Amino acid sequence: MPDASAQPTTDADRAIPGPLAGYTTLRTGGPAARIVAAGSADEIVRAVRTAAEPVLILAGGSNVVIGDAGFPGTVVLVRSRGVRVIAEDATSVTVRVDAGEPWDDLVATTVANGWSGLECLSGIPGSTGATPIQNVGAYGQEVAETITGVEVYDRIQGTRQVIPAADCGFAYRGSIFKYVDRWVVLSVDFRLTRSPLSGPVRYAELARALGVEVGDQVPLADARAAVLRLRAGKGMVLDANDPDTRSVGSFFTNPVLDRATYDHLVERATELGDPPAWPGADGLVKVSAAWLIDKAGFAKGHPGEGGVAISSKHTLALTNRSGTAHTSDLLALAATIRDQVHARFGVTLHPEPVLVNCTL
Ligand SMILES: Cc1cc2nc3c(=O)[nH]c(=O)nc-3n(C[C@H](O)[C@H](O)[C@H](O)COP(=O)(O)OP(=O)(O)OC[C@H]3O[C@@H](n4cnc5c(N)ncnc54)[C@H](O)[C@@H]3O)c2cc1C
């Protein structure tokens with residue numbers, strides 16, 4: 001995660017000038033009118049209440065694409081830290097985690113403590129407070145399975161409240177919090193199982209890496225180590241020395257198609273074989289975006305203009321390969337991919353990150 005851990009002591013100290021590229025994993029994005037670091041829930045609320053609009057909440061910067069013109073208002077950097085056990089019994093423990101807590105530090109802590117439920121989410125960059133925003137998920141686990149409630153500041157009502165998980169609208173890479181400016185996440189509660197073992201391994205690739213069958217359980221530390229290995233091999237763990245990780249992870253979500261659209265896709269792709277797909281509820285089918293991109297003619301490493309490229313390790317990640325690319329270069333490559341996939345397969349890809357002051 002980019003280091004923006006300035007420790008302000010007065011309101012005057014809180015203003016940090018500079019381009020936003022330094023606060024994003026893509027390393028792109030122009031300047032902000034004002035950047036304010038907030039080190040506690042109270043400071044976050046105060047900063048948001050008193051800031052000159054518009055306001056952008058930014059934490060690890062690993063799921064945002066910020067335009068080259070930057071942001072014309074106040075950026076509030078979420079830098080609150082803390083993990084507390086708020087309830088426990090013989091079988092479970094509930095932890096309340098401050099929004100700015102680095103996600104992977106939390107996962108490491110839960111694995112070390114024998115708390116099962118987050119182990120397959122090892123290695124995902126960013127903050128804990130951002131995980132409910134898009135219901136972060138990987139290798140068969142999603143935060144929606146363990147979150148019990150999200151403490152938020154409601155920017156419309158000007159109040160603090162806890163939203164129970166059932167009201168968070170969790171869905172595949174989505175929730176009521178994504179794409180709206182209303183909610184500021186202050187802390188998140190997770191209910192974890194006391195167990196030295198992972199939950200049943202659901203993801204075939206992970207099961208293979210662990211040498212077990214899908215549905216088996218493995219020691220928590222083994223699950224974490226295997227996930228970190230798999231992710232590193234795909235450039236999905238941040239590494240300052242690996243330009244493939246200068247990205248937002250997956251740039252596109254896997255499209256979720258109704259049956260008729262899926263059948264149409266299979267027809268158009270006859271000579272390529274059936275696309276990897278995961279059937280869901282109500283006849284919907286989730287299809288591999290990486291497969292669509294690859295079969296539309298974009299191999300790993302495919303370059304765009306201006307120093308951007310598809311990751312050499314993962315077709316879904318668009319990278320600022322040179323380190324000096326602009327957001328416009330990245331979005332131009334994304335638009336070319338989206339348009340060619342649509343022309344070839346009739347399926348529209350949608351971006352996974354939040355686009356700030358720019359469009360695709
Ligand atoms: C290499 C790499 C791999 C990745 N792998 C995965 C993966 O496997 N699965 C996955 O789901 N994601 C993945 N991601 C995406 C990203 O890491 C997650 O979405 C992460 O949760 C974003 O956290 P962040 O703190 O960086 O959020 P930011 O990028 O800072 O913000 C993202 C969005 O959330 C909002 N936001 C952030 N914090 C708050 C808050 N406290 N309150 C209200 N709004 C807030 C921001 O305004 C913005 O709209 C990956 C990214 C990278 C770079």
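Atoms within each ligand, like the ligands themselves, are counted from 1 in listed order. Note: hydrogens, waters and symmetry copies are ignored here, and every other heavy atom, side chains too, is used. Predicted model, so just to flag it, every value in this text is computed and none were measured.
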May I ask you to check whether [X] has an N/O atom sitting below 3.5 Å from an N/O atom of ligand 1?
X: Val237; result: no
X: Gln134; result: yes
X: Val136; result: no
X: Gly137; result: yes
X: Asn135; result: no

Gln161 atom CD, over 12 foreign heavy atoms within 6.0 Å: yes
Tell me the contacting part of [X] for ligand 1: side chain, backbone, both, or neither, using a 4.0 Å heavy-atom threshold, strictly below.
X: Leu121; answer: neither
X: Trp183; answer: backbone
X: Val354; answer: side chain
X: Ala138; answer: side chain

Heavy-atom pair with the smallest gap, counting every atom of [X] and [Y]:
X: Ser175; Y: Pro132; value: OG-O, 3.1 Å
X: Trp103; Y: Ile124; value: CD1-O, 3.4 Å
X: Pro279; Y: Ala277; value: CD-O, 4.0 Å

Is Arg231 close enough to touch ligand 1? Criterion: a residue heavy atom under 4.0 Å from a ligand atom. yes
Should the pair Lys295 and Phe345 be classed as cation-pi, given the thresholds of under 6.0 Å to the six-membered ring centre and 45° from the axis? no
Pull out every atom of ligand 1 sitting under 4.0 Å from any heavy atom of [X], numbered as shown with elements.
X: Ile124; answer: 6 (C), 7 (C), 8 (O), 9 (N), 13 (C), 17 (O)
X: Thr25; answer: 53 (C)
X: Gly126; answer: 23 (O), 24 (P), 25 (O), 26 (O)

Glu101 and its salt bridge (charged side-chain N to carboxylate O under 4.0 Å, His left out) partner, picked from Arg79, Arg96, Arg81: Arg81
Pairing of Arg208 and Glu213 as salt bridge, 4.0 angstrom limit: no
Tested for side-chain hydrogen bond (donor to acceptor under 3.5 Å, both in side chains) against Thr28, the lone hit among Thr324, Thr327, Asn320, Asp68 is Thr327
